[in-house]
Amino acid sequence: MKLIFAGTPVFSVKSLEAIFRAGYEIDAVLTMPDKPQGRKQTLLPSPVKEAALRLGLPVLQPVRLREELSALADRGADLMVTCAYGQILTREVLELFPLGVWNVHASLLPAYRGAAPIARAILDGCSETGITIMKTDVGLDTGDIFLQERIPILRSDTCGSLSERLSASGAKLIVEALGKISRGEEILRAQGEGTKCGKVVRTAVDFSRSAREVSALIRALSPAPLAYAVCDGREYNLFFAEETEGSGACGEILAASRREGGLIVACGEGAVQITELQPAGGKRMSAADFLNGNKLQKGMRFDQPVL
RNA sequence: CGCGGGGUAGAGCAGCCAGGUAGCUCGUCGGGCUCAUAACCCGGAGGUCGCACGUUCGAAUCGUGCCCCCGCAA
């Protein structure tokens with residue numbers, strides 16, 4: 001069984017490595033073209049490309065997959081595995097693989113089809129999410145479900161930490177799936193009605209929301225694209241905040257010292273303790289380190305975002 | 001030439017504009033207090049002030065050049 005792996009971000013790397021380690025013949029790895037990153041606009045390879053090169057696998061980076069059909073077809077793979085690849089597959093692509101195209105998706109489909117299922121699940125305050133291995137069809141994450149694993153969402157989870165566990169789960173499940181497929185044991189079930197989620201963007205924290213929602217927003221967008229807040233003309237990226245006791249005007253800093261319990265900000269309902277942040281121009285640091293610099297004082301207020 | 005912040009002790013910062021003894025919070029080490037402590041008190045160690053050149057009696061501070069880090073935007 002010869003297969004092609006398609007993936008792009010770090011989330012996909014564990015699946016690629018697991019499939020490789022399980023001994024499957026990976027004919028080529030598809031990933032998005034190198035993109036200019038950062039201030040210097042330097043061209044950077046995707047995490048999957050780096051992993052593929054490390055494993056000595058051939059890498060293909062078509063800008064538009066549907067324009068490289070013949071090249072793909074020539075490789076004669078039996079099956080394709082996709083995992084956050086970044087391109088919608090057309091019917092012509094799907095038809096190239098006799099054993100089908102299988103996708104690793106980071107949600108319990110049919111919930112959270114689409115771009116940012118992990119962040120959305122945290123944002124919505126879900127207590128669990130999971131991984132679905134599905135047989136890709138022409139719709140957006142609408143294919144029949146093959147395998148699923150539920151993963152709890154912890155109060156301490158950020159999109160980053162949850163992604164790591166989901167990524168590991170996905171790697172385990174896709175290997176399991178390939179085993180069953182190679183033995184002709186796949187049993188599928190249709191999804192039915194589902195929900196779609198769009199990608200998440202950098203967002204200003206609205207401290208008039210409840211502490212639960214503020215914490216969820218901050219954790220859902222961490223470590224990227226991040227929630228932020230402005231105080232005293234300076235912007236702060238927020239990496240982590242948990243709900244805590246406290247009340248005051250929305251956005252008011254209720255405490256800004258270790259003695260008083262850290263950096264605590266009043267929300268519309270309750271308060272949050274911010275434990276990791278990054279001032280504009282500065283580095284990411286713990287609230288304890290940040291407070292040593294005395295930039296924010298009790299009584300100051302974070303700006304209310306213009307809605 | 002996209003906009004902007006920054007490099008001072010292990011960490012986070014002040015000092016720079018108006019040159020003249022290296023400062024704060026924390027950590028660390030030692031001692032004390034306490035049933036005890038992440039609490040409190042006392043004391044100590046620890047810094048080529050990013051690099052180079054220049055101005056000056058004297059530069060963290062002023063001037064020139066360079067290196068590096070970071071936020072936004074793309």
Side-chain angles (χ1 to χ4, degrees), chain A residues 8-11 31-50 61-64 84-88 114-116 119 122-123 155-156 158-161 163 198-207 214-215 217-246 251-265 271-307:
Chain A
T8 298
V10 280
F11 178 81
T31 191
M32 292 296 271
D34 296 3
K35 278 185 181 168
Q37 294 285 321
R39 272 177 302 278
K40 302 292 182 191
Q41 292 290 285
T42 40
L43 226 51
L44 287 180
S46 73
V48 163
K49 178 178 180 178
E50 289 185 331
Q61 300 180 274
V63 176
R64 293 180 194 287
Y85 171 44
Q87 294 197 40
I88 305 289
I122 295 177
L123 196 51
R155 309 272 279 201
S156 58
T158 61
C159 188
S161 65
S163 291
K199 67 176 188 179
V200 291
V201 298
R202 179 178 163 79
T203 306
V205 174
D206 177 359
F207 284 104
V214 169
S215 166
L217 173 73
I218 290 170
R219 290 181 292 111
L221 300 187
S222 176
L226 291 171
Y228 69 97
V230 178
C231 184
D232 199 25
R234 200 165 187 204
E235 201 165 292
Y236 298 89
N237 282 333
L238 307 178
F239 286 83
F240 194 87
E242 58 197 57
E243 293 175 62
T244 187
E245 304 285 307
E252 180 185 353
I253 295 173
L254 301 176
S257 72
R258 194 183 56 168
R259 278 180 55 171
E260 295 174 303
L263 180 57
I264 297 176
V265 183
V272 291
Q273 177 181 7
I274 296 167
T275 55
E276 198 168 9
L277 71 166
Q278 175 181 40
K283 292 183 177 177
R284 172 178 178 173
M285 66 187 86
S286 68
D289 277 347
F290 175 73
L291 291 174
N292 280 333
N294 274 320
K295 286 294 190 188
L296 295 180
Q297 305 289 334
K298 178 152 82 169
M300 295 170 81
R301 272 187 84 173
F302 280 101
D303 297 354
Q304 189 61 19
V306 185
L307 301 176

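Being a predicted model, the structure only gives us computed values, none of them experimental. A note on names: the letters A, B, ... follow the listed sequences, proteins ahead of strands, and every chain is numbered from 1.
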* To do: Apply side-chain contact (heavy atoms from CB on, under 4.5 Å) to the pair A/Ile264 and A/Val272, showing each step before the final yes or no.
  => CA-CA 6 Å; A/Ile264 297 176; A/Val272 291; over 6 Å; no

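- For the C1' atom pair drawn from B/C3 and B/A9, the interatomic distance equals 34 Å after rounding to whole Å.
- Taking OH of A/Tyr236 as the reference point, atom CG of A/Leu226 lies at 15.5 Å (rounded to 0.5 Å).
- Side-chain polar atoms of A/Arg258 and A/Asn292 form no donor-acceptor pair below 3.5 angstrom.
- Distances from the side chain of A/Arg258 to the nucleotides B/G71, B/C26, B/A14 place B/C26 closest.
- Taking the side chain of A/Glu235 as heavy atoms from C-beta on, and the options B/A14, B/G12, B/C72, the nearest nucleotide is B/C72.
- Nearest-nucleotide positions on RNA chain B place A/Arg234 closer to the 5' end than the other of A/Arg234 and A/Ala280.
- Ion pairing between a basic and an acidic side chain is recognised when a charged N comes within 4.0 Å of a carboxylate O; A/Glu242 and A/Arg219 show no such pairing.
- Contacts of A/Arg284 with the nucleic acid, taken as non-hydrogen atoms under 4.0 Å apart, are absent.
- Comparing B/A39 with B/G32, their C1' atoms sit 14 Å apart, to the nearest whole Å.
- The 12-atom threshold is exceeded at CD of A/Glu260, counting heavy atoms of other residues, nucleotides or ligands nearer than 6.0 Å.
- Base-pair partner of B/A52: B/U64 (Watson-Crick or G-U wobble, both distances under 3.5 Å).
- For B/G58, there is no paired base (Watson-Crick or G-U wobble, both distances below 3.5 Å).
- Remark: the backbone N or O of A/Cys159 is paired with a side-chain donor or acceptor of A/Ser163 at under 3.5 angstrom.
- As the counterpart of B/C40, B/G32 is assigned, both hydrogen-bonding distances of the Watson-Crick or G-U wobble pattern falling under 3.5 Å.
- At least one side-chain nitrogen or oxygen of A/Lys295 sits closer than 4.0 Å to the OP1 or OP2 atom of B/A14.
- When both distances must be under 3.5 Å, the Watson-Crick or G-U wobble mate of B/G12 is B/C24.
- If you take CD of A/Gln278 and C1' of B/G4, they are 14 Å apart, rounded to a whole angstrom.
- Looking at heavy-atom distances under 4.0 Å, A/Asp289 makes contact with sugar-phosphate atoms alone, never a base.
- The interatomic distance linking A/Glu276 (CD) with B/G71 (P) rounds to 14 Å, in whole Å.
- Between B/G43 and B/C51, the distance separating the two P atoms is 32 Å to the nearest Å.
- Across the protein-nucleic acid pair, A/Leu291 atom CG and B/G27 atom C1' stand 15 Å apart, rounded to whole Å.
- Here B/C69 is the nucleotide among B/C13, B/C69, B/C72 with the atom lying nearest to any side-chain atom of A/Lys283.
- B/G15 and B/C62 have their P atoms separated by 12 Å, given to the nearest Å.
- To the nearest angstrom, P of B/C72 lies 14 Å from OH of A/Tyr236.
- B/A18 and B/G12 have their P atoms separated by 30 Å, with the value rounded to a whole Å.
- Partner assigned to B/A45 is none, using Watson-Crick or G-U wobble distances below 3.5 angstrom.
- Comparing the P positions of B/G7 and B/C33 gives a spacing of 42 Å, expressed to the nearest Å.
- Here the separation of B/G44 from B/C49, taken at their C1' atoms, is 23 Å to the nearest Å.
- For B/C72, one of the phosphate oxygens OP1 or OP2 lies less than 4.0 angstrom from a side-chain nitrogen or oxygen of A/Asn237.
- Using atom C1' as the reference point in both B/U8 and B/G46, the two lie 14 Å apart (nearest Å).
- Taking a pair to require two hydrogen-bonding distances under 3.5 Å in either a Watson-Crick or a G-U wobble arrangement, B/C72 pairs with B/G2.
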